[in-house]
Each structure stands twice: as C-alpha cells, then as structure tokens.
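Order of the sequence lines sets the chain letters (A, B, ...), proteins ahead of strands, with each chain counted from 1. Quantities reported herein were computed from a predicted structural model and do not represent experimental measurements. FYI, side chains are in, hydrogens and waters are out, and symmetry mates aren't considered; it's all heavy atoms of this structure.
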Amino acid sequence: MSEAVSLEMKEIAKRLEVANLAYHRDDAPEIDDAEYDALKARLLELEAQHPDLKDADTPTEKVGAPLAAGFGKITHKIPMLSLGNAFEEDDVSRFVAQIRAVSRDAMITSEPKIDGLSLALRYENGALVSAATRGDGAVGEDVTANARTINDIPQQLTGAPEVLEVRGEVFMSHEDFEALNARAAKNGTKSFANPRNAAAGSMRQLDASITAERKLSFFAYAWGDMSEPLGATQSESIARLAELGFRVNPLMRRTQPVAEAGKSLVAQLVEYHEEVALARAELGYDIDGIVYKVDDIATQIALGFRSTTPRWAVAHKFAAERAWTRLEAIEIQVGRTGVLSPVARLTPITVGGVVVSNATLHNLDYIAGRDSAGNAIRGGNDLRVGDRVEIYRAGDVIPKVGAVDLDARPGDTVPFVFPTACPECASPTVRDGSSLRCTGGLACPAQGKERLKHLVSREAFDIDGFGDTMVDTFWGDDALPVHQPVDIFTLPARDAQLARSEAPGENRALATRSGWGPSSANKLFSGIEAARSVHLDRMIFGLGIRHIGSTTASLIARTFLDWECFLAAAVAVAEGSVSEAARFRAIDGIGDAVIGALRETFMPGPEREAIEALAAELDIQSLEAPSTKDSTVAGLTVVFTGTLTQMTRSEAKKQAEGLGAKVAGSVSKNTDILIAGPGAGSKADKAASLGVKVIDEAAWLEMIA
DNA sequence: GTGCCTCGAGTTCC
DNA sequence: CTCGAGGCAC
C-alpha cells in the first residue's frame, strides 16, 4: 500500500520537476497551469497523509511556489495603446491628410518600430520604482526586478520631473540572440525561434538572475504619466530622455517643411521607410516597420484617439515575409454561432521567424477564389488539397494563404467540396452570406461547447479556474456533466451531493479524483462562487446572442440597468411587442439584425429556459442609473455630428449618457444642443434653421467638465 | 442607394 | 489581425 503511494509521489514529483525546468529554464511550458496546480495539490495531499514518505528534496517546497505566484499586476495610469497600421503608401497619405486637416504645417517624426516588447518604467523623484509590461493595455505585469537587470535602463535619474513614466521597447540584439542560442545548443537546452521570443521569454523569468544572464537592450521612445511635460514636441521630449540617460534610437528623424525639402510630407516619409528597409539587415536588431508621429504635442492632443489607437501616430509596416509550402488538408471547425470555418493544415514552414502549420481559410469564397459576385480574391484561383501555396503572416501575426501555384498543381486534385452536413452534429448546413452555417443550434455539440467557452471568457464571466480546458473536461464528464451555462453554477452543489452519496473507492467527486484533490476542487469552486456576482453588461454579453458583442451588450445594459427590465423587454420583443422593440431600436447601433436575434433567443423554448435557469443561479449586478446631480446637461437631448477629435463617437455618447443627457441620432425641434466637429454637414444646417444651439467639441467638454 | 465606420466573429502562435 | 455585414450619414 505505502509502496504504491510512494511510487505515485515519486512519479508526480518527477513530472513537476520536468515541468518546472521546461517553464523556467526553457520558457516553454509542457503542461498547462491547471494541470500543474492539480499535480502539486495531489502531492501536497499525499505528503500530508504520509509525512514519512516525504522527499527532503520535494518540489512542493521549491520552485513551485514562485511559479504559482506569478507576477503582480500593475494598472497603467495612462493606458498603453497599440498603433494603427499602414501597409501601402495610400494608407500613409490618408494618415497625413487627416493630420493636415487639423494642422496645416504639422511636422512628423519617423523612427524604426523595434520588434520586442513594450515596457513602462515609472520613476519617482528620479528613482526607478516599477516596470510593467503592456499586458492588455490597461493592466500589465510587474517585471520591476527583471527590468533592473537591464543595462540600458537607468536606476536613478538626475534632473527628472518628480514623476516620470518612460515607455520604450525591450529587445535582444542579433549578436546576443545568437550567443544565447549557441549556449543553449551547447547545453542541450531548447533554443528560441527569434529574438523577440527570446526577449519576451527572458522578461518573463520569475528568477531575475536568469534575466540578468540574458543580454537585453532598451530604447526609450515615449512617455506616460508625468508631473510636468518633457517638451513641447515629440523630438524635444526624446532629446530630453536621451539627456536623462536613456538610450534612444539613433535613426529617429523629423520631416522638413515642404518648401525646404522640395518634397511632400508623404514623399519624405516613404523615402525614409525605403531607406530603413534597405538598412534593415545591418541594424543588428529586429524591426517590423516605421512609426510616424505628429511632432507637435498640442497637435497630438487636438487629434486625440480612436477607440484603441491614437490618430496622431501610425505604424508603417514592412511587406510581410512570404514562403511557399504544401496544403496538406482542409479541415472544418464549427464556431459558436454555427459558422463552418475551413482551416488549412500545412506542411510546417518558417515564416517571419515562427513555424506555421495552420492557417485560416475564412469561408467558402476564400477557398473558391471568387466572391459571390464573381470578383477575384487571392488571385482568383481556387485552393485544392495538394496545392503548393504561398503563406504570409497578415500584420506579422495571423498566418494566411495567399497565392496558389497552378503550375505545380498535381494532376489528381479535385476542387474542395463543402459538406452539406455539419461535421460535428450531421445537421444540414445552409449558406449564409459567404459562410456556411450548421442548423443544429443548441443540439450541435460544437456550438454548445463554444458557447460555454464564450460564457467563461475574459470579457464575459471570466471565471477563475474555469476556462476552455475545463469546458472540454466537464463537457464529457459522466459524473458531473456541464452542457449548458447553468450547469457550471450547479457544479459545486452537484459535487457535494456526489461526495455524500458515493461508495468508497468510486472517486467521482472531484476531491477524490486522481489529479484533482481537495485543494484544486476548492479553488475551482471558489472561482465559480465569485463569478455568480456578475455585472449586467457581462451577463448580456455572455449569453452569446448573435450580433451582440461586448459593445452592444454594454449599450443595452446601460439602457435597461437591471436584469428584470432587460428580460421583460426582450421577452416582450419576442412576443411581438412593437413598443418594446422600439426601445431597443432607439439605442444607437441597434437595428433589425440585433432585434431579430433577440426575438429568436427569447422565444418560448429551450433557449430562453436555459437563460432563465442560469439567471436564477446568479446575482446579477444592476448598473448605476446615470448620476444626474452636478450635471449641467441632465435631461437635455444632444446630437453629435462631424469628426470628434478628443474621443470616439461612442465614447462621447457613453459619457453624455452617464451625465443624464439623451443622445439622439438626428437633429429635430426636440434637440437642445448640437455638438459639431470638423466636417459637419447637413445636420449643422438643419440645426441653424431650427434655431438649435450649436457648439464645438471644446465648448462641449468645458460644459460638462 | 452608396459609402464610410464600427462591431462581431473568426483565427495563429507564443 | 482580417473580413463581412450591420447601421448610419449623406
């Protein structure tokens, strides 16, 4: 008996050691976190029961602890946004035109876009106090200890503002990357695919002494939160960062006035882009394009932001690397909404530094090479299994199939035939636009599973410990099946019931299963309990109703404020109520498609029952009604028109509604204020003829400040 | 009716 | 990141 236990303990200990090495030293996790935690929990449990068998060198008391702890989180005071992309000269022209609409003589800086990872360094009274990765832009990981090991990052600044957040890129030079991989080859450890991965892997080391051994570099190129401005322009600010001791990119340059240069701004930018592209191989580090920024900071502020990208900067990417390989097979996946997506299985090939073996094929038309109107896409030729195809990574990320080499097409290929039945549930498929769709609905297991994955995803319920893998695990679980949303929330109770009723040795309750143990089970259950309390917008989004994504879900939640109101309205819509449908339609961005989807979802039937059963297990948090006190615009009807520069239209609308104003789509005699940005057209004329007050964006912001 | 623009839904690799 | 399509402005 104790021999068997001892054997199991040794076995688990060995697996943990291997996993630790793979994770820490090679930055290539062999098992996922959940599995790791489960193994560790099991070993801890056995050690508690059999202290005599405990190994003095047990992994439960070593590296496991920091691994489980991971990195702390840092919330960025100012979000770290990504940049919009330009691929063609046309995109650059558009960018420049947009800027010149606001400032006729704007100058633009150009600099190489380093292919590494962004870092935000916070200095207080000159001392480096924290370093954070970009993360999702709002919250990053605390990598301060690792950042301190990088030579290019000063620990102490003299003459800096009291608070200064410096942003830049951590990267590994080609020289250091090759040396690192040579060392890895000698030691027989795993090498890195490219410098970017090596830099990212090194930054993610929990043991900063390992980061210190990897030679990392840092270029400063921007700033975040600070107590006083660094300069009036981009170039001045960068020069100031260099004075403070930061390494800045030597290739940074500013356009010249058109009259002096004798060339348009666009021509100057494109020339720089071409020059750097030619020098790319000799730079000694990886870059993936050029970043253009408006030099004058007041103009940057005037241009403002779209929802996720600034209007005053853009990344002009280099043409993507391309490579040829063979299309081995076309497989069909079924998505949450029942769309059948073809995926290309490829003979693995290296493109842009990573090995690609799959690529999306989008839909019917993409394979056929022609859209339904007969226009050529991808060169106009169809794809067949066995073809030699060109692969590139769109935006240097998503692998895609480009051209097909017809000369190399084997003689025995046949056009790809889309299935007439769903490969997962055998229901008939129907054509819907350029896609095929499975008609199985909730009866299709693929759709059911994908819906659950959507429900637990980060933007929806975000259940700690219950992600995609757990959906797969419990979907096929005989003792504790999870087939619809409510099953997740009844899981703890069903497990408790099982534990009470089962005979010894049955091991169907989670705490008694191998690989689980009580602590893993409890961790999962506490994640589920915490998720019961969910905000209305996340709940509506989590339902996975067609056409209702996170944005639309928020808009709806903001209108109805609590679950009962929303449910009653949605049910009324399904029963044909025109007035309730009108309440939805009055929301900006909601039209026939969304209303049709609501109607289908809330018709009497299994789908509505599943939603009501889920809601009964939850504590759905209402949204706050707009706080109208202290608001100068409460109760007013306002309309936005033209281009807003400080925020997007939907942000402006959200903010106005938060202050109790009603935002309408068009001007009428009921309109109180028209906020007109540049390029306002007929609405401004109409407002004038109706005697409606018209103000610009700045006046509006002042009014609500 | 036509042309933006934004959103939703799909996907890869680490 | 990309594509398609929904929704809105003109």
Side-chain angles (χ1 to χ4, degrees), chain A residues 23 26-29 32 82-85 87 94 117 190 192-194 196-201 203-204 306-309 315 317 320 331-346 348 350-366 371-372 377-378 391-401 432-435 437 450-451 453-454 457 459 541 544-555 585 587-597 639-644 648-651 653 664-667 679-686:
Chain A
Y23 188 94
D26 307 333
D27 204 52
D32 65 38
S82 49
L83 293 179
N85 286 320
F87 294 100
R94 223 169 297 137
L117 65 156
K190 207 168 153 283
F192 287 101
N194 55 54
R196 207 208 78 87
N197 285 359
M203 243 7 234
R204 287 200 71 253
R306 316 190 97 102
S307 56
T308 60
T309 58
K317 294 297 190 76
E331 285 177 17
I332 304 288
Q333 297 179 352
V334 181
R336 164 170 72 87
T337 62
V339 169
L340 273 56
S341 325
V343 177
R345 305 286 176 216
L346 308 162
T350 304
V351 193
V354 298
V355 177
V356 169
S357 45
N358 301 310
T360 175
L361 292 172
H362 290 296
N363 55 39
L364 291 166
D365 295 344
Y366 201 81
D371 67 15
S372 45
I377 44 181
R378 256 195 31 261
I391 306 298
Y392 63 100
R393 298 209 303 151
D396 272 345
V397 180
I398 311 284
K400 299 198 63 172
V401 175
D432 181 3
S434 47
S435 311
R437 199 176 278 280
E450 291 305 317
R451 278 193 182 208
K453 288 180 184 175
H454 174 78
S457 68
E459 280 193 281
F541 174 66
I545 300 165
R546 267 242 265 166
H547 302 122
I548 301 184
S550 56
T551 304
T552 308
S554 284
L555 290 171
R585 207 182 299 269
I587 302 171
D588 199 12
I590 290 188
D592 289 342
V594 175
I595 294 194
V639 176
F640 292 96
T641 189
T643 315
L644 300 180
T648 66
R649 188 170 289 256
S650 68
E651 282 164 355
K653 185 170 163 18
S666 58
V667 176
S682 64
K683 277 188 191 174
D685 301 339
K686 190 168 179 193

Whole Å only: how far is the CD1 atom of A:Ile545 from the C1' atom of B:dG8?
14 Å

Please check: side-chain N/O of A:Arg336 versus main-chain N/O of A:Gly544, any donor-acceptor pairing under 3.5 Å?
yes

Please determine if a side-chain N or O atom of A:Thr360 lies less than 4.0 Å away from the OP1 or OP2 oxygen of C:dT2.
no

Between A:Tyr366 (OH) and B:dG10 (P), how many Å, whole number?
18 Å

Pairwise side-chain contact, A:Asn358 with A:Arg345, heavy-atom cut-off 4.5 Å (strictly under):
yes

Round to a whole Å and report the spacing from NE2 of A:His547 to C1' of C:dG6.
7 Å

May I ask you to verify if any side-chain N or O of A:Ser357 is less than 4.0 angstrom from the OP1 or OP2 atom of B:dT12?
no

Between P of B:dT11 and CD1 of A:Ile332, the distance in whole Å:
11 Å

Per A:Val339 side chain, nearest of listed nucleotides B:dC7, B:dG10, B:dT12
B:dG10

Closest of C:dG7, B:dG10, B:dC7 to the A:Arg336 side chain is B:dG10

When A:Gly549 and A:Arg345 are each assigned the nearest nucleotide of DNA chain B, the 5'-most assignment goes to A:Gly549

Is any side-chain heavy atom of A:Val594 closer than 4.5 Å to a side-chain heavy atom of A:Arg585?
no

Counting just side-chain N and O atoms, does A:Gln333 come under 4.0 Å of either OP1 or OP2 of B:dT11?
yes

Rounded off to whole Å, could you give me the CG-to-P distance for the A:Asn363 and B:dG8 pair?
20 Å

Would you classify A:Arg546 as touching base, sugar-phosphate or nothing, given that sugar-phosphate means primed atoms plus P, OP1 and OP2, and contacts are heavy atoms under 4.0 Å?
sugar-phosphate

Between B:dG10, C:dG6, B:dC7, which nucleotide has the shortest distance from any of its atoms to the side chain of A:Ala593?
C:dG6

With no hydrogens and no angle check, is any side-chain donor or acceptor of A:Asn363 less than 3.5 Å from a backbone partner on A:Tyr366?
yes

Respond yes when some side-chain nitrogen or oxygen of A:Thr337 is under 4.0 Å from OP1 or OP2 of B:dG8, and no when none is.
no

Figure out the CD/C1' separation between A:Glu459 and B:dA9, and round it to whole Å.
12 Å

B:dC14 phosphate, OP1 or OP2: any side-chain N/O from A:Arg196 under 4.0 angstrom?
no

For a quick test of reading the model: is some side-chain N or O of A:Asn358 closer than 4.0 Å to OP1 or OP2 of B:dT11?
no

Tell me, do A:Val343 and A:Thr360 make a side-chain contact under 4.5 Å, heavy atoms counted?
no

Go nucleotide by nucleotide along DNA chain B from the 5' end; which of A:Val356 and A:Gly335 gets its closest nucleotide reached first?
A:Gly335

Side-chain donor or acceptor of A:His547 paired with backbone N/O of A:Ile590 under 3.5 Å:
no

A:Arg585 CZ to C:dG7 P, in whole Å, measures 9 Å

Return the value, rounded to whole Å, for the distance between atom NE2 of A:His362 and atom C1' of B:dA9.
11 Å

Presence of A:Lys317 side-chain N/O under 4.0 Å of C:dC1 phosphate oxygens OP1/OP2:
no

